[in-house]
Amino acid sequence: MALGLRCFRLVPPVFCNSFAALTRPVSEVTLKTVSGRQSDHGQYMASPAVPIRSFATKKAKGSLDHITVVTADGKLALNQIGQISMKSPQLILVNMASFPECTAAAIKAIRESGMNLNPEVEGTLIRVPIPKVTREHREMLVKLAKQNTNKAKDSLRKVRTNAMNKLKKSKDKVSEDTIRLIEKQISQMADDTAAELDRHLAAKTKELLG
C-alpha cells in the first residue's frame with residue numbers, strides 16, 4: 001500500500017531542458033526547430049518525474065528511495081547511501097553499512113518524510129515498520145499529494161516566467177513572428193504539464209480514497 005511520495009524533482013527535467021533550448025539566444029532558434037518540437041511534444045508529457053506518480057501504492061520499498069538525506073557532503077537520496085530491501089510486507093530494511101556516518105541523518109529524514117514512519121536502528125541497520133494504511137492515513141497522503149502538486153505548479157510557473165523573460169530580451173534580434181511562435185510553444189507546454197499534474201492528482205486521489 002502507499003506510504004507516501006518519493007522526492008522527485010517537481011518539474012520533469014526534460015521539460016526544463018526543452019524550455020532552456022527554446023530560450024537560448026533566440027538568434028539560434030529557427031522556425032524549423034520550433035515546429036519540430038511541436039511534433040515531438042508528446043514525449044515531454046511521458047516523463048516519469050511528475051510528483052504524483054511517486055504515490056506507489058504497491059511498492060512500499062520504492063517509497064523510500066528518494067527521501068532526501070542531509071549529509072556532510074550535501075543532500076543525497078536515501079537509496080544512494082543505503083541499501084533498501086523488503087524484509088516482509090510489514091517491514092523495510094535500510095542497510096547503512098557503506099555510509100555508517102549517515103545513519104543518524106537517514107533516520108531523521110525517514111521520520112520527517114511525512115509518511116508516518118517510525119524507524120528503529122540496530123547498529124547500521126535501520127528497520128522501518130510499515131504502518132497500517134487507515135482511512136486517516138490515506139487522507140493524509142492525498143493532502144500531501146495536493147501540496148506537492150501545488151509546489152510543482154509553482155516551479156512550473158517560475159520556469160515559464162524565466163523562459164518568457166529571456167525571450168523578451170531577444171526581441172531585437174529576430175522577427176516578431178518567430179517570437180510569437182516560441183511564446184505560443186512555451187505556453188502550450190506549460191499548460192499541458194499543469195493539466196498532466198492535475199490528471200495524476202485526480203487518479204491517485206481516486207486510487208487512495210476510492
Nearest heavy atoms of [X] and [Y], plus distance in Å:
X: V128; Y: P119; value: CG2-CB, 4.2 Å
X: A109; Y: V69; value: CB-CG2, 3.9 Å
X: S170; Y: K166; value: OG-O, 3.5 Å

Problem set entry | Path from V121 to I130 over hydrophobic side-chain contacts below 4.5 Å | yes
Exercise. Taking a hydrophobic cluster as the set of Ile, Leu, Val, Met, Phe, Trp and Tyr residues connected by side-chain heavy atoms closer than 4.5 Å, whether directly or through intermediates, do I81 and V70 fall within one such cluster?
Worked result: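 No; tracing contacts between hydrophobic side chains, which count when under 4.5 Å, never links both residues.
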Exercise. Would L78 and D65 count as a side-chain contact (heavy atoms from CB on, under 4.5 Å) if you check the C-alpha gap in whole Å, the side-chain angles of each, and the deciding distance to 0.1 Å?
Worked result: CA-CA 6 Å; L78 182 60; D65 284 351; over 6 Å; no
For this session: Would you indicate whether E139, at its atom CD, is surrounded by more than 12 heavy atoms from other residues, nucleotides or ligands within a distance under 6.0 Å?
Result: yes
For this session: Output, in order, the C-alpha distance, side-chain angles, deciding distance and verdict of side-chain contact (heavy atoms from CB on, under 4.5 Å) for L76 and T68.
Result: CA-CA 6 Å; L76 299 171; T68 302; over 6 Å; no
Please list, one pair per line, the donor and acceptor atoms closer than 3.5 Å that link side chains of residues 94-106 to other protein atoms, with sequence neighbours excluded.
from : atom 1 : to   : atom 2 : distance (Å)
N95  : OD1    : A97  : N      : 2.9
T103 : OG1    : P100 : O      : 2.8

For this session: Mind running side-chain contact (heavy atoms from CB on, under 4.5 Å) on M115 and I67 for me, showing each step along the way?
Result: CA-CA 10 Å; M115 293 190 287; I67 287 178; 3.3 Å; yes
Working to the nearest 0.5 angstrom, can you tell me the gap between [X] [atom1] and [Y] [atom2]?
X: M164; Y: R160; atom1: CE; atom2: CZ; answer: 4.0 Å
X: N150; Y: S155; atom1: CG; atom2: OG; answer: 11.0 Å
X: L197; Y: K151; atom1: CG; atom2: NZ; answer: 14.0 Å
X: I179; Y: D172; atom1: CD1; atom2: CG; answer: 9.0 Å
X: T134; Y: R138; atom1: OG1; atom2: CZ; answer: 8.5 Å
X: Q185; Y: I182; atom1: CD; atom2: CD1; answer: 9.0 Å

For this session: Take D192 and Q188, measure what side-chain contact (heavy atoms from CB on, under 4.5 Å) needs, and give me the verdict at the end.
Result: CA-CA 6 Å; D192 287 352; Q188 185 63 55; 2.8 Å; yes
Problem set entry | Donor-acceptor contact present, side-chain T161 to main-chain K158, <3.5 Å | no
Problem set entry | Under 3.5 Å donor-acceptor, S175 side chain and T178 backbone |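 At least one qualifying donor-acceptor pair exists.
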Exercise. Which residues satisfy the salt bridge (Lys or Arg N to Asp or Glu O under 4.0 Å) test with K108, sequence neighbours excluded?
Worked result: E112
Exercise. For R111, what residues pass the salt bridge (Lys or Arg N to Asp or Glu O under 4.0 Å) criterion, not counting sequence neighbours?
Worked result: none
Exercise. Which residues, ordered by chain and number, are linked to L91 in its hydrophobic cluster, where ILVMFWY side chains connect at heavy-atom gaps below 4.5 Å, directly or through other members?
Worked result: L93, L125
Exercise. Do K87 and I92 come close enough that some side-chain heavy atom pair is under 4.5 Å?
Worked result: no
Exercise. Can you find a pair of side-chain heavy atoms, one from L201 and one from N148, that are under 4.5 Å apart?
Worked result: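 No. Closest side-chain heavy atoms not under 4.5 Å.
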Problem set entry | salt bridge (Lys or Arg N to Asp or Glu O under 4.0 Å) evaluation trace for E183 with R180 | CA-CA 5 Å; E183 287 178 338; R180 282 196 293 269; over 6 Å; no
Exercise. Mind checking what makes side chain to side chain contact (heavy atoms under 4.5 Å, CB included) contact with K206, not counting sequence neighbours?
Worked result: none
Problem set entry | Residues E207, K204: salt bridge by 4.0 Å N-O rule | yes
Problem set entry | Qualifying side-chain hydrogen bond (donor to acceptor under 3.5 Å, both in side chains) pairs with a residue from residues 117-127, counting only residues at least two apart or across chains | E122-R127
